[in-house]
Amino acid sequence: MKIAITGGAGFIGTQLADILIKDGHDVALIDIVPSSKYPDHSVIVDVTDKHALVAAMAGVDVIYHLAAEHRDDVSPVSKYYNVNVGGARNVIAAAMAHDIQTIIFTSSVAVYPLEPEDEARGAAEIHAPAPFNNYGQSKLDSEVVFLKWANEDKINRKLVTIRLVATFGAGNRGNIYTLMKQITSGKFIMIGDGQNNKSIAYVANVSAFLKYTLTLKNGSHLYNYADKPDLKMGDFVKYVRNALGREGEGFKLPYLLGITGGAVFDVVANITGQKFPISKIRVQKFCANTIVNADKAHATEFTPPFTLQQGLQDMIEAEFKNNPKNAT
């Protein structure tokens, strides 16, 4: 099959391309920058450019839509909607133009509230979304766009929406990498008691699940994806420190002081235009229970190829043990 991956030059897109190319598929990596690993598969297109995206999708059988504006400090916030929602509409336009019947969309667990409705097990697909930021709202709005398309022809079309948790792995430069880098550098300060739980996922398992969804029947499918069991934040910090020969969680700061400090940095950022690694929302997210229920995904015939601990160990070794400059 010919498969297009929007955001294909990115972290998850590259991992997914590894699997699909190995399986013999013709893969087009659609992104605003060329893929460093697969330049011959690169198609330089911005998903906000409708006409260019439609042209790039000619001959495509399946679309993986991964492209998104996802940082938590994007300004202006209209970028979330221009890229995420506008991009979704343009993907639909391309699918309609070329009679593409399968779209696999990576949404986000940011569509759920910070504190899950089911605190013990986390938000499940049956729970009502309640985004806590513009990124989450833009992802939810994008889901609506895709679902409308799928519902117009439930017999022939297939839509798979996967609400992803924070995803990590070697080459990742997102929040988990940033947290690991702070921990390994010795500049990290543990805020709160560390008893809050986090659902996270290893990129090799995510890309394997994305591939698995090709086997699903036509219709609309919605899954949360996280690797289990969840980790307590304090245990995560200790795991990274222990892997580098350090003990415990290191220096700790009470939550109230941490949230106050984050608010102060927000004020300074607004005045100076600078961006800081600490903000009120990042402190809130760090200390919150970010749990999702992924029972539905794990009840399928899919089996994750790696454990969460294997994924963490692989990333620590690749990024920090074997790359000492990252630990400074």
Side-chain angles (χ1 to χ4, degrees), residues 6-7 10-12 47-48 65-92 103-151 159-168 174-176 178-179 196-201 206 220-226 230 233 259 262-263 266 269 275 279-297:
T6 69
F11 173 55
I12 297 176
V47 294
T48 63
H65 183 47
L66 278 58
E69 191 70 66
H70 58 83
R71 286 181 58 93
D72 59 11
D73 58 356
V74 169
S75 179
V77 296
S78 59
K79 287 184 178 180
Y80 290 119
Y81 301 94
N82 293 340
V83 175
N84 298 349
V85 186
R89 294 192 180 109
N90 292 342
V91 167
I92 293 299
I103 297 176
I104 300 168
F105 169 52
T106 52
S107 185
S108 169
V109 296
V111 303
Y112 298 119
L114 272 175
E115 294 295 335
E117 186 175 330
D118 183 341
E119 292 187 4
R121 303 182 64 195
E125 296 85 350
I126 61 171
H127 293 144
F132 60 88
N133 60 14
N134 283 287
Y135 168 66
Q137 185 63 55
S138 70
K139 279 296 195 178
L140 183 59
D141 291 349
S142 300
E143 288 187 14
V144 173
V145 170
F146 285 117
L147 190 59
K148 181 178 183 295
W149 167 82
N151 286 340
L159 170 67
V160 184
T161 301
I162 304 170
R163 292 172 175 169
L164 289 178
V165 295
T167 301
F168 70 93
N175 291 339
I176 294 178
T178 300
L179 176 58
N196 54 307
N197 289 290
K198 296 290 181 183
S199 292
I200 58 177
V206 170
S220 297
H221 308 269
L222 174 64
Y223 295 99
N224 294 335
Y225 189 83
D230 298 318
M233 182 52 72
I259 203 73
D266 287 344
K275 293 183 178 180
S279 68
K280 183 177 179 180
I281 186 62
R282 286 178 176 171
V283 173
Q284 288 175 321
K285 288 169 67 175
F286 178 84
C287 296
N289 279 312
T290 312
I291 308 170
V292 296
N293 183 325
D295 289 352
K296 184 178 177 182

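Computed over heavy atoms, backbone and side chain alike; hydrogens, waters and symmetry mates excluded. Numbers here are sequence positions counted from 1.
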Inset, instruction - Using only heavy-atom distances, determine whether the side chains of Tyr81 and Asn134 contain a donor-acceptor pair under 3.5 Å. - result: yes
Legend entry - Carboxylate-amine/guanidinium proximity below 4.0 Å for Arg163 and Glu143: yes
Inset, instruction - Might you point out which heavy atoms bring Val292 and Ala226 nearest each other, and give the distance in Å? - result: CG2-CB, 3.8 Å
Legend entry - Shortest non-hydrogen contact from His65 toward Gly87: NE2-C, 4.2 Å
Legend entry - Aromatic plane relationship, His70 with Tyr135 - under 30° parallel, 30 to 60° tilted, over 60° perpendicular: perpendicular
Inset, instruction - State the SG-NZ distance between Cys287 and Lys198, to the nearest 0.5 angstrom. - result: 7.5 Å
Inset, instruction - Over all heavy atoms of both residues, which pair between Phe168 and Ile200 is shortest? Give the atoms and the distance, please. - result: CE2-CD1, 3.9 Å
Inset, instruction - Answer yes or no: is there a side-chain heavy-atom contact under 4.5 Å between Tyr225 and Thr106? - result: no
Inset, instruction - Hey, could you give me the OH/OG distance between Tyr80 and Ser142, rounded to the nearest 0.5 Å? - result: 13.0 Å
Legend entry - Nearest-0.5 Å distance, CE of residue Met233 to CG of residue Leu179: 6.0 Å
Inset, instruction - Identify the heavy atoms of Val111 and Gly136 that sit nearest to each other, and give their distance. - result: CG1-O, 3.7 Å
Inset, instruction - Spell out, as yes or no, whether a donor-acceptor pair under 3.5 Å connects the side chain of Asn84 to the backbone of Glu69. - result: yes
Legend entry - Check against side chain to side chain contact (heavy atoms under 4.5 Å, CB included), Ile103 and Ile92: CA-CA 9 Å; Ile103 297 176; Ile92 293 299; 3.8 Å; yes
Inset, instruction - Without swapping roles, check the side chain of Tyr112 against the backbone of Phe132 for a donor-acceptor pair under 3.5 Å. - result: no
Legend entry - Thr6 side chain vs Leu66 backbone, donor-acceptor pair below 3.5 Å: yes
Inset, instruction - Give a yes or no answer on whether the side chain of Asp141 reaches the backbone of Val85 with a donor-acceptor pair at less than 3.5 Å. - result: no
Inset, instruction - Please tell me if the side chains of Phe286 and Asn196 come closer than 4.5 Å, counting only heavy atoms from C-beta onward. - result: no
Inset, instruction - Could you tell me the separation between the OG1 atom of Thr167 and the CG atom of Asn175, rounded to the nearest 0.5 Å? - result: 11.0 Å
Inset, instruction - Keeping the roles fixed (side chain from Asn224, backbone from Lys296), state whether a donor-acceptor pair exists under 3.5 Å. - result: no
Legend entry - From Glu125 atom CD to His221 atom NE2, the distance as rounded to the nearest 0.5 Å: 13.0 Å
Inset, instruction - Nearest 0.5 Å please: distance from the OG atom of Ser199 over to the CD1 atom of Ile291. - result: 6.0 Å
Legend entry - Backbone N/O of Gly122 and side chain of Asn293: donor-acceptor pair under 3.5 Å: no
Inset, instruction - Using modelled atom types only, decide if a donor and an acceptor are shared between the side chain of Ser107 and the backbone of Thr161 within a distance under 3.5 Å. - result: no
Inset, instruction - For side chain to side chain contact (heavy atoms under 4.5 Å, CB included), just list the numbers for Ile259 and Lys280, CA-CA rounded to whole Å, side-chain angles, deciding distance to a tenth of an Å, and then say yes or no. - result: CA-CA 6 Å; Ile259 203 73; Lys280 183 177 179 180; 3.8 Å; yes
Legend entry - Nearest heavy-atom neighbours spanning Asn82 and Thr48: O-CG2, 3.6 Å
